[in-house]
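Everything below concerns the one structure shown next.
Indexing begins at 1, ligand by ligand and atom by atom, following the structure's order. Counting from 1, the numbers follow the sequence of the chain as shown.
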Amino acid sequence: MREITIALAKGRLANKAMDLFDKIGISCEEMKDKNSRKLIFENPDLGMRFFLAKANDVPTYVEYGAADIGIVGKDTILEEGRKLYEVLDLRMGKCRMCVCGPEAARERLKHHELIRVATKYPHIAKDYFYNKKYQTVEIIKLNGSIELAPIVGLADVIVDIVETGSTLRENGLVVLEEVCDLSARMVVNQVSMKRENEKITQIIKGLQEILREEQA
Ligand code: PRP
């Protein structure tokens, strides 16, 4: 029997996703040991394996079939633009992708001035400004603490994730425009979806049921 492999984006998302899988009887005791440095965890009885990867790499593992299923944020899915099926919104890790900056930048944005945009998500930012707003901007890729960029004068605005809004507030920045809503999604390799259709459909249906119950 071929094992089903699930790639999880490391961190909070992975823990929450494992709680969900637990509820449909897919558990992995090995993974609960927080001190373990193991990268791959197996449940041979269920014919399943799990591994933790950097969020940005999860769509890559899934596209190439090294994982049949991936659990990853919509931000990463959009940014990576990999060939895969997005099959389920897990409705956790909800947040928004926004254009943020000092209030003073609002007018400059409106008047389609050539502004500098700092972001960890250059593809999402490009798609938003070029294809949706038809606005030419200069995009500067950063790797973290994006809110610093407008404060120190590297960029006029940022495109970044806003969850509670406290990072913005504490740094004197505001949401200027909303790009899209985000949450964790389940993605599936396109070949696996056909070859392992029965097993994967069963997992999707199980999770859908749990999500419905949790919402009710
Ligand atoms: C994310 C994001 C914002 C912050 C938003 O950063 O890039 O900086 O969280 O959350 P809030 O609205 O609840 O304040 P993360 O902590 O992932 O680190 P990073 O700066 O390294 O990207």
Side-chain angles (χ1 to χ4, degrees), residues 6-20 31 34 37 39 50-62 67 70-82 86 89-106 108-109 115-133 135 137-187 214-215:
I6 304 184
L8 302 149
K10 258 189 215 169
R12 250 184 318 160
L13 207 58
N15 297 334
K16 284 191 182 170
M18 284 315 291
D19 288 345
L20 266 187
M31 241 178 137
K34 299 285 172 250
R37 299 287 295 163
L39 294 171
F50 297 87
F51 67 81
L52 298 170
K54 273 270 215 193
N56 287 14
D57 295 335
V58 169
T60 313
Y61 283 108
V62 174
I71 303 294
V72 68
K74 178 72 179 175
D75 51 323
T76 309
I77 298 171
L78 290 172
E79 186 59 27
E80 293 299 313
R82 294 279 173 184
E86 186 187 316
D89 183 347
L90 299 175
R91 294 182 223 144
M92 53 192 204
K94 284 189 184 175
C95 50
R96 297 174 297 158
M97 186 64 74
C98 298
V99 180
C100 312
E103 188 55 52
R106 198 182 291 276
R108 304 197 61 202
L109 261 181
I115 52 166
R116 277 185 169 177
V117 181
T119 186
K120 206 155 72 168
Y121 302 92
H123 289 114
I124 296 177
K126 244 180 232 166
D127 180 61
Y128 178 70
F129 281 105
Y130 295 1
N131 302 332
K132 300 208 172 77
K133 293 198 69 192
Q135 183 170 0
V137 295
E138 186 183 345
I139 291 173
I140 302 171
K141 164 90 163 68
L142 290 178
N143 297 297
S145 303
I146 315 297
E147 290 83 357
L148 257 177
I151 299 171
V152 297
L154 175 65
D156 300 285
V157 297
I158 60 173
V159 167
D160 200 19
I161 289 174
V162 179
E163 193 178 351
T164 61
S166 54
T167 312
L168 292 180
R169 266 192 306 278
E170 286 180 31
N171 292 289
L173 305 173
V174 293
V175 171
L176 299 167
E177 289 171 6
E178 283 190 27
V179 178
C180 60
D181 285 327
L182 303 169
S183 57
R185 309 289 159 99
M186 174 170 160
V187 294
E214 283 184 354
Q215 241 192 357

- Query: Is V179 close to V99 at the side-chain level, that is, under 4.5 Å between some pair of heavy atoms?
  - Reply: yes
- Query: Can we say D181 and R96 salt-bridge, meaning some charged N sits less than 4.0 Å from an Asp/Glu carboxylate O?
  - Reply: no
- Distance-only, no hydrogens or angles: does the Y130 side chain make a donor-acceptor pair with backbone N or O of V137 under 3.5 Å? yes
- Task: Check whether any side-chain heavy atom of L20 sits under 4.5 Å from a side-chain heavy atom of E214, and report yes or no.
- Result: yes
- Protein residues near ligand 1, heavy-atom distance below 4.0 Å? K120, G144, S145, E147, D160, I161, V162, E163, T164, G165, S166, T167
- Are K120 and E79 close enough for a salt bridge, meaning some N to O gap below 4.0 Å? no
- For K54, check side chain to side chain contact (heavy atoms under 4.5 Å, CB included) against everything at least two apart and list the hits. D57
